[in-house]
Amino acid sequence: MAAEMLGFLQALQGSGSGANQLLADIYTEFFADILQAVRENGCKPEDQEKTQGFHMLRSFDTESSNQLEPPAATDEDVWIFGYGSLVWKADFPYIDRRRGFVWGFKRRFYQHSIDHRGIPERPGRVVTLLPGDPNQDRVYGVAYRIAASQKGAVLDHLDYREKNGYERCSLEFHEYSNTSADGGGGDGEPIQVIMYVATQANDSYAGNVWQVPCIAKQIFSSAGPSGPNREYLFNLATAMDQLFPGAVDEHLEELVACVRRYIAEDEPELMRHALLQEIAGILKEEQLAEQAQRLEELLERCQQPGGREWLLHGALQPKNEA
Ligand code: BEZ
């Protein structure tokens, strides 16, 4: 491709086109098509179904363990409550799971993610819990029963996975009832669960910027080793709809609407603008061979996981006025 790029640049140079025409021709020839593919990269609902295992959520009541031969339940088992990615993807062995809620908290995207859905230079946003009204506010999620023989390894795994600011705490979980729109009042016997909460004192706490459009912009333009930040948001919203029909989470719903609006209305132009800027910078190189090489690298970078978010983030940065 670098050779093709070089040939194209040589031909254009000979044609006497102006700088703007050159830019537009390169964009059209090499980047316009990949832009569309990069935009669509892996966030359609049907792709989520394939990669994130939502079929497991639909069969929630029939598949209680994710092990072929689960250890028997004992009094020494522990329960872990998930209210973020654990709702749709538990990456540890469990022997039972229940859907339900905890009282007295509000789920908010107030935690920076520098190791899962963002990177240190461009953090994403993930959920944590804020204290709420003990009689009004509840957070829906999934409790997983971990066999006594497996709890050491599972807790070590989660402590490591959640090392960026989360701490363990213990509280009561109430099972969700299918017969009531909001899941009922949790009248049955509560289950003691462990959950991970990021305190407001941790370095990655981001609740000082709480405005939905600002958080949405960060989610829209972030990605990390676990994938695009938007995928985390959409997966959580889809899982909530499937598991807790009728339960309302205004913060989550507002974020989904806002990120979807950015994707539909702003993303194409932001990406095009960012690419044209990058190409213009490359065309300042003296040597055609160097230009071709760097254009090739730009193409590859855009197609890598996180390439779309890299472009969007660049396009959203305030420009330094000369
Ligand atoms: C979760 O539910 O996925 C989760 C949320 C915060 C910290 C750890 C796990």
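Sequence positions, counted from 1, serve as the residue numbers for this chain. Order of listing sets the numbers, starting from 1, for every ligand and every atom in it. Every value quoted in this text rests on a predicted model; they were computed, and no experiment measured them.
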Extract all donor-acceptor atom pairs below 3.5 Å that involve side chains of residues 71-82 and protein atoms in other chains or at least two apart in sequence.
| residue | atom | partner | partner atom | Å |
| --- | --- | --- | --- | --- |
| Thr74 | OG1 | Glu76 | N | 3.1 |
| Thr74 | OG1 | Asp77 | OD1 | 3.1 |
| Asp77 | OD1 | Ala148 | N | 2.8 |
| Asp77 | OD2 | Thr74 | N | 2.8 |
| Asp77 | OD2 | Arg145 | NE | 2.9 |
| Asp77 | OD2 | Arg145 | NH2 | 3.3 |

Sorted by chain and residue number, the residues having a heavy atom closer than 4.0 Å to an atom of ligand 1 are Gly82, Tyr83, Gly84, Ser85, Leu86, Arg161, Glu162, Tyr166, Tyr196

**Study point:** Sidechain N-carboxylate O distance under 4.0 Å for Asp133, Lys106
**Key:** no

**Item:** Derivation and outcome, side-chain hydrogen bond (donor to acceptor under 3.5 Å, both in side chains), residues Tyr140 and Arg138
**Value:** CA-CA 7 Å; Tyr140 296 87; Arg138 48 166 104 172; 3.3 Å; yes

Between Tyr144 and Phe92, is the ring centre distance below 6.0 Å? yes

Acceptor/donor pairs from residues 272-288 side chains to any protein atom, 3.5 angstrom cut, sequence neighbours excluded:
| residue | atom | partner | partner atom | Å |
| --- | --- | --- | --- | --- |
| Arg272 | NE | Glu269 | OE1 | 3.4 |
| Glu285 | OE2 | Arg294 | NH1 | 2.6 |

Residues passing the ring pair (Phe, Tyr, Trp, His ring centres under 6.0 Å) test with Tyr205, sequence neighbours excluded, are none

